[in-house]
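Report on the following structure.
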Amino acid sequence: MGLTITEKILAAHAGKDKVTPGETIWVDVDVLMTHDVCGPGTINIFKEQFGKNAKVFDREKVVIIPDHYIFTSDKHANRNIDILREFVSEQNLPYYYDVGTENYKGVCHLALAQEGHNRPGEVLFGTDSHTCTSGAFGMFSTGIGNTDAAFILGTGKLWVKVPESMKFEFTGKFPDYIMAKDIILQVIGDIGVDGATYRTMEWTGNAIMNFSMEERMTLCNMAIEGGGKNAVIEADEVTLKYVKERTNKPYNVYRSDHDANYYFKKTYDASTMEPIVAKPHSPDNKALVRECSDVKIDRSYIGSCTGGKYTDFLAAANILNGKKVAVNTFIVPATTEVYKDLESKMLDGKTLLNIFKEAGCEIGDASCAACLGGPKDTFGRTHGTEVVVSTTNRNFPGRMGSKQSEVYLASPYTAAASALTGRITDPREMLN
Amino acid sequence: MEQVIVGRAYVLGDNIDTDQIIPAEHLVYSLSDPEEKKNYGKFALSGVPKDDAGLPEGNKLFVEEGKFESEYTIIIGGKNFGCGSSREHAPACLKIAGIQAIIATSYARIFYRNSVDGGFFIPFESSGKLVNNIRTGNNLTINLETGTLINNSSNQTFKLQPLGEVAEIVKAGNIFEYARKAGMI
């Protein structure tokens with residue numbers, strides 16, 4: 001019996017020839033990532049357990065990316081950044097992307113990719129559930145809590161239960177109006193919010209491999225909304241080109257064997273996919289966008305690790321170009337690199353930033369912003385009964401701030417089309 | 001480790017996510033400062049919609065206004081308890097509010113790991129759905145040795161699932177104590 005990509009990576013990091021789903025193993029960690037919300041707690045546990053003068057297991061393998069509560073007057077949030085700074089300085093950590101400096105990046109999952117910390121075949125843990133995003137690079141990556149992160153800081157190891165893999169194959173070609181966000185919402189709607197609990201979501205098929213790295217990241221990003229432990233896409237030339245432009249560190253490409261064992265396999269015909277939303281208040285509350293055309297919205301939000309990448313804004317700009325939004329529309333680039341892209345990349349002789357400004361959008365600085373609500377003064381946060389169409393990843397009660405607001409998760413195309421009409425709108429109405 | 005846990009039940013439904021357990025705006029407090037961390041108890045489960053708070057009636061506050069601890073010490077949950085974020089503030093806030101055990105039909109993976117590795121409380125899995133058999137406020141007894149839950153208010157007994165691969169970490173107290181016993185650190 002052959003092995004899946006995930007099983008091969010975990011076996012290699014446990015010093016074994018093979019591993020079996022359900023088996024508990026200890027793996028060596030290549031990268032530990034933390035941020036401003038969970039970093040301070042992690043640091044505190046690390047010092048409690050390993051001593052005040054303890055050193056991290058390998059300073060080259062620790063990456064700290066403040067991104068959650070950055071542009072706020074909340075004193076506790078700002079204090080938490082100071083704790084990160086102090087730790088970075090004390091441990092002399094090379095990979096810290098500090099707020100208020102040239103080095104500031106923004107949302108950790110995209111920053112990891114852009115700064116070359118995502119490398120095929122590696123094991124990456126992060127104190128954020130959307131760490132599964134990095135699986136788009138053919139690596140094992142998953143979210144953990146402060147305690148596990150502190151354990152890694154001290155030892156460079158963590159126990160893992162080897163997950164069973166689920167294979168989602170998309171054959172053929174996606175229609176032009178379909179984005180990775182539609183696909184992940186479709187699949188979560190099919191399997192439910194705990195349909196992949198403890199398991200790997202492995203994406204395959206020529207339609208998936210035709211996706212850019214950004215779109216692949218969107219697909220892997222929301223594995224956690226299906227309960228998944230990790231997501232993975234085999235590394236190919238697209239992956240290696242992206243990686244080689246950003247790092248010269250070595251990596252290993254793993255492929256699933258033809259006779260690998262899967263808990264579940266499903267093949268979709270890519271050409272039949274339609275734009276999807278997840279209605280309030282659950283990511284698996286799937287509906288076709290065209291079935292929701294009577295839903296009036298108060299706000300459109302385009303941003304986050306899920307929907308705030310360059311390709312997401314290019315899609316939105318294609319729809320908003322030369323038009324005016326009908327509702328408050330928030331544009332939040334995930335990282336400073338994406339912000340620079342908005343300033344420099346052109347469509348119809350205009351920068352994307354100008355297209356958004358002319359359309360009447362409000363532009364925020366790179367960070368997680370209102371995706372998870374956050375402090376009261378967070379850009380784009382809900383405070384009342386707003387109905388929001390959003391390119392983010394969760395629509396749990398209160399997720400974007402107010403418990404009374406309602407969030408429809410959608411692709412950047414759908415969020416932009418809806419911004420123009422003030423109701424949930426199928427992008428096909430705008431893309432002709 | 002205590003072999004018997006006695007307490008009053010707070011009953012919740014399926015898919016209780018980490019934003020309901022501790023809304024993200026509160027994640028700014030220190031988890032180590034003894035005064036500051038009390039805020040986590042104050043806001044524990046404050047994101048649960050009113051109708052779902054304390055089943056079957058709902059509209060029951062987990063922590064009363066102005067208090068930092070709950071009068072309930074055992075949570076009964078449905079499937080996929082703790083889904084969403086990796087924030088360890090979720091099990092931590094429940095512990096700070098006084099929770100000693102959770103019994104749910106199933107858990108989201110990271111919440112389960114955090115509960116065990118951080119040694120906050122034991123996340124028990126029930127053999128069937130308990131939500132319909134236990135009401136908020138019922139008096140419960142969990143017996144670790146026999147793996148049973150007794151609802152003293154109705155004299156019903158329920159079987160709990162064995163802890164499986166995490167049993168050794170639970171026994172040791174947390175991942176660090178486990179690793180020390182195993183000679184890893």
Side-chain angles (χ1 to χ4, degrees), chain A residues 22 24 26 37-38 40-42 44-45 48-50 68-69 72 74-77 79-80 126-131 142-151 154-155 157-159 161 192-194 197-198 224-225 227-229 281-282 372-376 378 381 394 396-399 401 403, chain B residues 14-20 23-33 36 39 46-50 52 79-81 83-92 105-120 164-166 168-169 174-180 182 184-185:
Chain A
T24 300
W26 288 87
V37 169
C38 297
T42 298
N44 185 63
I45 298 171
E48 245 174 43
Q49 294 291 337
F50 295 98
H68 276 61
Y69 305 153
T72 173
D74 187 289
K75 67 178 184 355
H76 291 107
R79 180 266 325 264
N80 289 344
T127 60
D128 190 294
S129 58
H130 291 106
T131 302
T142 191
I144 53 172
N146 299 354
T147 296
D148 283 347
F151 191 91
T155 65
K157 290 180 188 295
L158 193 63
W159 71 271
K161 184 169 157 181
V193 283
D194 60 353
T197 298
Y198 279 95
I224 183 68
E225 275 67 51
K229 179 175 210 146
H281 291 284
S282 183
L372 76 165
K376 295 272 190 285
T378 301
R381 184 190 193 277
R394 288 185 181 142
F396 300 141
R399 170 70 178 181
K403 260 202 271 185
Chain B
D14 290 338
N15 300 317
I16 296 297
D17 65 80
T18 51
D19 286 294
Q20 294 182 55
E25 67 185 281
H26 305 307
L27 302 179
V28 295
Y29 304 116
S30 165
L31 280 161
S32 51
D33 182 276
E36 204 175 313
N39 285 302
S46 64
V48 178
K50 279 184 185 160
D52 307 329
K79 65 171 187 157
N80 203 25
F81 191 93
C83 58
S85 160
S86 66
R87 62 187 73 153
E88 197 160 299
H89 314 69
T105 320
S106 65
Y107 292 89
R109 191 190 68 76
I110 309 178
F111 181 90
Y112 186 81
R113 253 193 103 98
N114 286 346
S115 302
V116 170
D117 281 359
F120 294 103
E165 68 274 355
V166 300
E168 291 303 310
I169 300 174
N174 60 45
I175 188 176
F176 296 102
E177 293 311 316
Y178 171 82
R180 284 193 185 99
M184 292 178 62
I185 57 175

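Atoms considered below: every heavy atom in the structure, side chains included; atoms not considered: hydrogens, waters and symmetry mates. Each chain gets a letter, A, B and so on, in the order the sequences are listed, and its residues count up from 1.
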Check: So do the side chains of Glu36(B) and Arg79(A) get within less than 4.5 Å of each other, counting heavy atoms only?
Finding: yes
Note to self: If you define the side chain from C-beta out and look only at heavy atoms, does anything of Ile185(B) sit under 4.5 Å from Phe50(A)?
What the structure shows: yes
Notebook entry, point to check: Parallel, tilted or perpendicular: which fits the ring planes of Phe176(B) and Phe151(A), with parallel below 30° and perpendicular above 60°?
Noted result: tilted
What part of [X] is in contact with chain B, defined as an atom under 4.5 angstrom from a non-hydrogen atom: side chain, backbone, both or neither?
| X | value |
| --- | --- |
| Asn44(A) | side chain |
| Gln49(A) | both |
| Tyr198(A) | both |
| Trp159(A) | both |
| Ala150(A) | both |
| Lys229(A) | both |
| Leu372(A) | both |
| Lys376(A) | side chain |

Could you check whether any side-chain N or O of [X] sits under 3.5 Å from a backbone N or O of [Y], counting only pairs where one atom can act as donor and the other as acceptor?
| X | Y | value |
| --- | --- | --- |
| Arg109(B) | Ile224(A) | no |
| Asn114(B) | Gly145(A) | yes |
| Glu88(B) | Thr147(A) | yes |
| Lys403(A) | Lys50(B) | no |

For [X], is it the side chain, the backbone, both or neither that has a heavy atom under 4.5 Å from a heavy atom of chain A?
| X | answer |
| --- | --- |
| Ser46(B) | backbone |
| Asp117(B) | both |
| Leu31(B) | side chain |
| Val166(B) | side chain |
| His89(B) | side chain |

Check: When heavy-atom pairs shorter than 4.5 Å are enumerated against chain A, which of Cys83(B), Gly84(B), Pro49(B) gives the highest number?
Finding: Gly84(B)
Checklist line | Interface residue of largest heavy-atom contact number with chain A, from Gly118(B), Ser85(B), Ser30(B), under 4.5 Å | finding: Ser85(B)
Notebook entry, point to check: Are there more than 12 heavy atoms of other residues, nucleotides or ligands under 6.0 Å from atom OH of Tyr112(B)?
Noted result: yes
Note to self: If we define contacts as heavy-atom pairs under 4.5 Å, which of Thr155(A), Ile144(A), Ile45(A), Thr42(A) has the most with chain B?
What the structure shows: Ile144(A)
Item checked: Option that, when pairs with chain B are counted at under 4.5 Å, heavy atom only, ranks first among Gly398(A), Gly401(A), Gly374(A) -> Gly374(A)
Next item on the list: Might you work through the side-chain contact (heavy atoms from CB on, under 4.5 Å) test for Leu27(B) and Tyr69(A), ending with a clear yes or no?
Entry: CA-CA 10 Å; Leu27(B) 302 179; Tyr69(A) 305 153; 4.0 Å; yes
Note to self: Which residues pass the salt bridge (Lys or Arg N to Asp or Glu O under 4.0 Å) test with Asp148(A), not counting sequence neighbours?
What the structure shows: Arg113(B)
Margin query: Working to the nearest 0.5 angstrom, can you tell me the gap between Arg87(B) CZ and Thr127(A) OG1?
Written below: 12.0 Å
Notebook entry, point to check: Between atom NE2 of His76(A) and atom CG of Asn39(B), what is the distance when rounded to the nearest 0.5 Å?
Noted result: 7.0 Å
Next item on the list: Write down the atom of Asp19(B), the atom of Phe396(A), and the distance for their closest heavy-atom approach.
Entry: OD2-CD1, 3.6 Å
